[in-house]
Amino acid sequence: MTLARTQTARAGFRLAFGGGPLPLYLGGAILLIWFALAVMAPLLAPYDPIFQDGTARLQPPNSVHWFGTDNFGRDILSRIVWGARIDLQIALFGVVFPFLIGTTLGSCAGYFGGWIDTVLMRIIDVVLAFPFLVLMMAIIVILKPGLSSFYVAMALVGWVSYARLVRAQILVIKSSDFVLAATSLGYSHSRIMFRHLLPNAILGSVVFSMSDAVLVLLNGAAISYLGLGVQPPTAEWGIMIAEGQSFITSAWWITTFPGIAIVTLAMGFSLLADGLGELLGVRE
Amino acid sequence: AGVLTIGRREDSSTFDPIMTAQNIDFWVFANVYDVLVRVDKTGTKLEPGLAESWTVSDDGLTYAFTMRDAKFSDGSPITAEDAAYSLTRIRDDEGSLWSDSYKVISKMETPDPKTLVLTLSEASAPFLSSLAMPGASIISKAGMESMGPEAYAEKPVASGAFVVEDWLRGDRVILAKNPEFWEADRVSLDGVEWISIPDDNTRMLKIEAGELDAAIFVPFSRIEQLKQNPDLKVELDPSTREDHLLINHESPELAKKEVRQALDLAIDKQAVVDAVTFGIGEVAYSFVPKGALYHYADNLKRPYDPEKAKQMLSEAGAEGLTLDYLVNAGDEVDEQIAILLQQQLAQAGITVNLIKMDPSQTWDMLVAGDYDLSVMYWTNDILDPDQKTTFVLGHDTNMNYMTRYNNDTVKQLVADARVEMDPAKREEMYVELQKTAKDDVNWIDLYYSPYRNVSRANIEGFYQNPLGRFFLEDTVKN
Amino acid sequence: MNVKPAPLLEVTGLNVHFGGTGFIPGLRTPPLRAVNDVSLAVMPGETLGLVGESGSGKSTLGRAILRLGELTSGEIVFDGTDMARATVGDLNRLRRQSAMIFQDPYGALNPRMRVGDAIAEVLRVHRKVPSSRIGSRIAELLNLVGLDAGYANSRPLDLSGGQCQRIGIARALAVEPKLIVADECVAALDVSIQGQILNLLMDLREQIGMAIIFIAHDLAIVRRLCDRVAVMYLGRIVETGPTEEVFTEPRHPYTASLLRAIPDIDPDRGLPENPLAGEPPSPIALPCGCAFHPRCPNALPDCSTGEPPRLGRDGPHRAACILPPGEIRI
Amino acid sequence: MSEPILSVRDLSVVAQVEGTTHTIVDQVSFDLQRGEILGLVGESGSGKSMTSRALIRLLQSSRLSVSGGSAILKGEDIFTFDERAMRDVRGGSIGMIFQNPSSHLDPVMSIGKQIAESIRFHKAVSRKEARGRAVEILRQVGIPDPERRYNAYAHEFSGGMRQRAMIAVALACDPDILIADEPTTALDVTVQAQILKLLTDLRDTRGVSIIFITHDLGIVSQICDRVAVMYGGRIVELGGKREVIGSGRHPYTAGLVACQPAEGHPGERVRTINGQPPRIGHMPAGCRFHPRCPRVDEWCSTVCPDLVTSGPGHQVACHHPIPHTPAEAAT
Amino acid sequence: MNRYRFVLFRPFQLLPVLVGISIITFVLIRSIPGDPVRVLLGPRSTPGAIERIRDQFGLNEPIWMQYFYFVKNLFQGEMGRSILYKVDVLKLIATRIEPTAVLVTGAVCLALLIAIPLAAIAARNRGSAADHIIRLVSTAGLGFPAFWLGIMLIIVFSVQLDLFPVSGYGRTFVDKAHHMVLPCLTAALALSAVLTRNLRASLLAELNSDQATAARARGLPEGQVFWRHVMPNSLVPTINLLAINIGWLISGTVVLESVFAIPGMGQLLVRGIFTRDYMVVQGVAMCFALATVLVNFLADILTVAADPRVKL
Ligand SMILES: Nc1ncnc2c1ncn2[C@@H]1O[C@H](COP(=O)(O)OP(=O)(O)OP(=O)(O)O)[C@@H](O)[C@H]1O
Ligand SMILES: Nc1ncnc2c1ncn2[C@@H]1O[C@H](COP(=O)(O)OP(=O)(O)OP(=O)(O)O)[C@@H](O)[C@H]1O
Ligand SMILES: [Mg+2]
Ligand SMILES: [Mg+2]
Ligand code: NI
């Protein structure tokens, strides 16, 4: 019976809150640590992340340079700590803009339907059919390589996932009774959309945005590998891996530590996504 | 005997010699085609190729070549007519990338199949050198006419040591020994495979794993480590490559010679050599590369002196200078140099903004003069210094290699040197040019670097001359 | 004879079709006729029961009347205006004078809004009371549906089904409607709660005098609550009339089968001997003639041909059946 | 009276919620005779489904567990069975008919295959034979054209046919007991009547015993032989349908009967039971019904009454049962 | 058969997508600063030569004329000449399409081979150590940059263990399969991480579904319930996830082909972008788009085949 089912769902909701999903805490903790490192980078980093020490090039991890140094004699640990600032920023902005654009367009399409929906779905088809790394490369090259272009490209390419997700959600919720009730009570479109539809439709996207952050980070790294990422000598993990590529067999530490950094941050985000999904009962 | 497999960064794009300007293609052309006149192994002398001998008229306008008894890979003889056809094509064909360099030929005659007579419109000292360029490779007239350019570019009729057996686009070029080659007994290999492996790491791992006989473009960073490996031989062959820092003379502060000299002083080239080339390169001091014809070994070597640089800058009223530095995105070495120079110039009080750009776009910006500094490199295509000098100092159509360097005396001197046929006098003129360029700081010479190749221990004679030609006809696989 | 008052709602020839898309004629899917040529009228203050089996189009009709779903054709005259061709202003008037109560008490409330906010929202949108009085009006409304004013602070998920249903009703009452459409509003509730809601509706009807269209498939409830009843079968109204008359003297064989199938609480009466046989036909491919004829125990050869019989015209009790009244037994 | 086919004693089910243990089904005991239909009534959340699920040892969640009691099926306690033996009970001895056939049938496997699948698992028969039997069962439950419908999927059936298919699946291995958990709640009355007829026919022809879970007292009085009324996880009254529905002695049973809308005249207010049903975690102490009970006193709120015999085959759990006859009431 | 009706209509819906893609690529690649001819000529370019070659490739025409020629050529079965390779792009693609197709299909198959058992183990032992490990590993697997992972696999499996060739594509069937194991594995690892997580979630939901309970109530053993009733129902969303990710996977080949020196379309495309070889980029992008669209189409057919309820 519907009633019984709702009650069980409700119990599940509370259960999740009370007991708390482990991934949520774990993911949250990882992100928090990175966030703290990023904020306190000036205090924590032992060296200037861009200072080149000609006498200390390619040193393996030792007591002076815990994570070793790169081919310019820059301290890897300091670069990773400072890099956290950029990478968190990448994860944030790389998600926020697509999220905003995607949810707006997706909810309009889902709510109004008709030709708006048709046009938008066709555009989404086109963007999806395009190999997106290539699209991003092209956009970045047009705008000139760098972080801000990366954000723009990410926004132009990444919104489709959110649009699809929100649209699908809106379509489901649109036909639910409480939206019908809102219509029957004579509420305006904007009120129904912003007060009733979106708050309920957006959960899935919020959870998705966490795992999307992982993809954004990796995209950033791939873009750096192809040479279109942040401007040198900025410390950023993707570019550190890319620069350390040529030393992968001779000086493993240059790529391994930023690699681990990316993986842990990515894990933090996916764990958080898992936990949030479990908590809010959202499936990807 | 055996097939030599060589790993390189990219695959060939064509086998039509006139359609490309890329080393990657040229280096294979030299295996497949022969030229009238060759550059020798040391890269300092010309020697006979398909032309057995030649005479030059006193006014330097008429060249008479006697053709050797040689055959194309299809068995037909290589005649003077084929040679004339090849040169006409490079001069006149619509798609030719090199026509400008051969416009000087005004007339080609083939009185008999063994004789080719070329008449020039003006005397040209570098002319003979330019015939050694792979673009001027001798192709089969009959073959080209019957196959059409597209098919010929795919599977050419060869005049060189090897013939294209198969070409797996994007992957590898498979060459087989050409039994009809006039020096066929010199060739020991049964064939050659040029394999494209874009990733530097993968290429090195592949040769370490023994899946390749040789690999070219060894990254500087790997040389030391590869040398440790007893199964491998790392070859550092002198090249004509020179890396330099372009300066835009039209940007207001940089128009002053003193400022440019201060920049030169502020750059620690040895540090670049150490950090970027791992000590393998050598500090450069002239635009004519070391070991090349007319290189001036005593040219001025400005010391690294950031204090003096600072002082000169303030004297020139260019304190707190801020410069835009264009970096080629995706080029590891370029990025490394940029990062180093940024820190060095900062010590002389110069702020450098790195602007990373996709290479094709950097090119546009350089042409448009939208930059202050940028790193570029040059390798010679021909033996004679004229080609590079003209591009760099001769006020050619490319604004002196985009530097917009402007010195009329130099310009005149370049033109004079081109037509001067006396080697001793030419040498003097080129020394003068090198001195002036250095004084004017047309650009900043950074370093010379060798070709870096690695081969398995059982490979012998895997050698590249300074112009980049591989002598695979002498390579032996044991 | 006194003058017959004008009906509050008069529906004429209403059709709602779903689907029927496809631009290549051969492959086009036929439309699903969820509501098929329906006409009915509701007087002010009257309670009309709408019964029929699942999928017969009751909800669709209820929504179409309130213009909450698309409609294909027909007229819906509400308080003198044809809402089928309404302007935005007319629609707003309809919204201010009508309301809907839903089957799923949880589903009808936004899970993210507090109860009080949900009611306040209605009051604010329709400017029913000055904002200073909103708080007290919410308390009033909650009291009206038998809830403590303290419930204003709770969220729907913390309430029981019966409480939620009351909130839904309170919110519907906030617009002070002349017409309420209640779509199976007690079907999801426990038996012991059902009665509470029914009583509430009866109380409210007496106090406020609104008209109710009560959709249900529980005939016992309809008999208890409604003044008149309309029976639907596959998108059509097959019988309509005063409740007691229909229940005691059904004129359509389908109504009769329905009444027969009601499980009786009397332990001495067993199962009906021969329940209605067969499955309802697919609403996409309606049979020729009377849609009920394949299952009709009284079917005549004529029933399977021609146009489906129309609802009779005379008197309050009408049926769409060619059999003469009185032929049909319960 | 013959030996009951199933005898449940003191069955309790507990749930772990937020670290605390709640008893959801509390010491439920009843017998099921061969060929009998036992009605299990009570409102939503009273533990009807939980009781039936416990009998096939398939509680929906790992947080739920049977905490005590026994269920003797043909002389053996099924709570002592291992997983293998339990599989034979499920489908073999006890068939389950669920309320919502559309979600309880595998949407991507054809109906016939699902029946044949369980036949093949319980009986060593060939694929072909299983198919033949499946078609036969489909015919028995009144699916027209069963050979063709064998390959149909659940979504291609109407609601009534789906419920028949569900019954067919439960019947696949000729079980002795059918547990029908609200099998008609989602259906309309006409179809409901068909299904009820089918179930009573099955009882009459095959002699299966049926536990019929519902909250519709009308259905109970039409088809059941005996009724158990549940409230808050306990059986509060158990007896023949005439005794329980006609003259229920527990105030809750009486209230339930009284609040049927059919009981009364048009326009008249429906009689109701005050208050709300208890929710899990908020179970009142003492008698679970006492906060809503008209006959409550202090005793009710402290001591939980046991199910005691109050007449032939009639048990009630109340400190103050409604008297049988006016005479009894007077004393 | 009515359910497969969409097969007839879908091609019409694809057309606007392809037109959209072609226009976007056409405009996009041409709006990237940089001149293909200048790239072709390198440092020795002179304005005269540039003009001449531009004329030869029709690059001096207005852009809409170029598009018109492109479409016209398309109808004649040509895609225009590559500026760098001087042959028709279609011919280039023909030689390059196989490795990429093999890479993508191999990766998908391998990913499924990895994901299905892992998800099955995780879901059937929810909350166990195995479940946690699988979830953690798949979460971590998502975070590895492909180019880094690729090199690591080469070092371990090719250089150290000498099991697979370092790079390249191979010529005979067996040889090709041997060469493609590592690249496919690299792509599959990330993909299987996504799939495992998702499939696990679907499986869990489906394991708790009513129909699974009903199957258990029929006395079916857990294994049978799982593989016959739970898995088939969970695979449909996974198929769709795979289809959605196919674009991502195809993009991934760009990096992988460069790491593993596979002569595929990804490399062609990257070089095309960097050398501004308009026609190549155009052709390859269209090809990729077509592939994405076809894969989605295929996924639709599979979904319809796997789930009798679905109508499209
Ligand atoms: N949005 C829709 N699109 C297509 N068909 C629909 C839609 N809504 C309803 N239908 C169909 O219209 C018919 C009537 O549906 P409706 O919900 O009105 O029936 P109902 O009488 O309210 O049934 P129930 O008693 O189950 O609520 C059904 O066959 C249904 O499948
Ligand atoms: N997974 C669960 N965990 C904890 N409690 C549960 C769970 N599932 C059900 N319950 C609780 O168990 C109690 C009994 O539920 P049950 O499903 O047996 O009721 P029911 O009488 O069958 O009701 P309905 O008429 O709604 O089917 C309810 O209070 C319910 O909230
Ligand atoms: Mg309805
Ligand atoms: Mg239940
Ligand atoms: Ni119910």
Side-chain angles (χ1 to χ4, degrees), chain C residues 47 51-56 159-163 186-199 202-203 217-227 243-244 247 254 257-282 295, chain D residues 41 43-46 142 144 157-161 184 186-197 200 215-224 227 240-246 252 255-277 279 292:
Chain C
T47 306
V51 297
E53 66 188 355
S54 183
S56 54
L159 300 177
S160 73
Q163 288 165 336
V186 291
L189 299 178
D190 280 331
V191 202
S192 65
I193 306 299
Q194 225 174 47
Q196 298 174 0
I197 301 291
L198 286 183
N199 292 349
M202 288 192 234
D203 291 343
H217 53 216
D218 188 334
L219 294 160
I221 296 178
V222 170
R223 187 172 195 177
R224 194 75 181 252
L225 181 71
C226 300
D227 306 320
T243 311
E244 270 317 296
F247 273 71
Y254 175 64
S257 333
L258 267 187
L259 294 174
R260 220 169 28 236
I262 303 176
D264 203 315
I265 191 141
D266 180 356
D268 296 319
R269 261 187 56 186
L271 278 172
E273 258 325 291
N274 36 9
L276 190 55
E279 308 287 333
S282 150
R295 305 171 75 190
Chain D
V41 293
E43 34 204 336
S44 193
S46 56
F157 279 7
S158 72
M161 278 160 75
T184 57
L187 305 176
D188 31 300
V189 275
T190 53
V191 184
Q192 168 174 300
Q194 293 172 4
I195 299 291
L196 296 181
K197 180 99 174 42
T200 46
H215 49 218
D216 189 332
L217 287 182
I219 296 177
V220 168
S221 43
Q222 279 185 339
I223 70 162
C224 294
V227 193
K241 74 170 169 194
R242 261 180 202 78
E243 287 78 54
V244 174
I245 292 179
Y252 174 64
L256 214 51
V257 173
C259 70
Q260 296 294 319
E263 295 284 290
H265 302 289
E268 194 185 331
R269 294 293 178 273
V270 183
R271 281 181 56 192
T272 58
I273 308 177
N274 286 327
Q276 308 283 335
R279 298 210 311 260
R292 304 174 74 188

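Every chain is numbered from 1, with letters handed out A, B, ... down the list of sequences. Only heavy atoms go into these numbers, but all of them, side chains included; no hydrogens, no water, no symmetry mates.
- D216(D) touches chain C through its side chain: at least one heavy atom from C-beta onward sits under 4.5 Å away, while N, CA, C and O do not.
- Between V270(D) and G195(C), the shortest heavy-atom contact is CG1-CA, 3.9 Å.
- Exactly one of D188(D), V191(D), L187(D) qualifies for a side-chain contact (heavy atoms from CB on, under 4.5 Å) with S54(C). That residue is D188(D).
- Proximity to chain C involves both the backbone and the side chain of E268(D), based on heavy atoms less than 4.5 angstrom apart.
- Proximity of a side-chain donor or acceptor of N199(C) to a complementary backbone N or O of R269(D) within less than 3.5 Å is not detected.
- Nearest approach of P263(C) to Q222(D), heavy atoms of both residues: CA-NE2, 3.2 Å.
- Nearest heavy atom pair, residue I193(C) against residue G275(D), reads CD1-O, 3.8 Å.
- When each of H215(D), R271(D), E43(D) is checked for a side-chain contact (heavy atoms from CB on, under 4.5 Å) with S192(C), only E43(D) meets the rule.
- Put simply, the side chain of V189(D) does not reach to within 4.5 Å of the side chain of S257(C), judged on heavy atoms.
- Within the 4.5 angstrom heavy-atom criterion, only side-chain atoms of I223(D), from C-beta onward, approach chain C.
- In plain terms, the two heavy atoms of Q194(D) and R295(C) that are nearest each other are NE2-NH2, 3.9 Å.
- Annotation: side chain of P261(D) is in contact with side chain of Q194(C) (closest heavy-atom distance under 4.5 Å).
- At a 4.5 Å heavy-atom cutoff, the contact between I245(D) and chain C is made by side-chain atoms alone.
- Note that CZ of R260(C) and OG1 of T190(D) are 10.5 Å apart. Values are rounded to the nearest 0.5 Å.
- Within the 4.5 Å cutoff, the side chain of P266(D) has no heavy atoms near those of the T243(C) side chain.
- Chain D forms more heavy-atom pairs under 4.5 Å with one residue of D218(C), L198(C), D203(C), L219(C) than with any other, namely D203(C).
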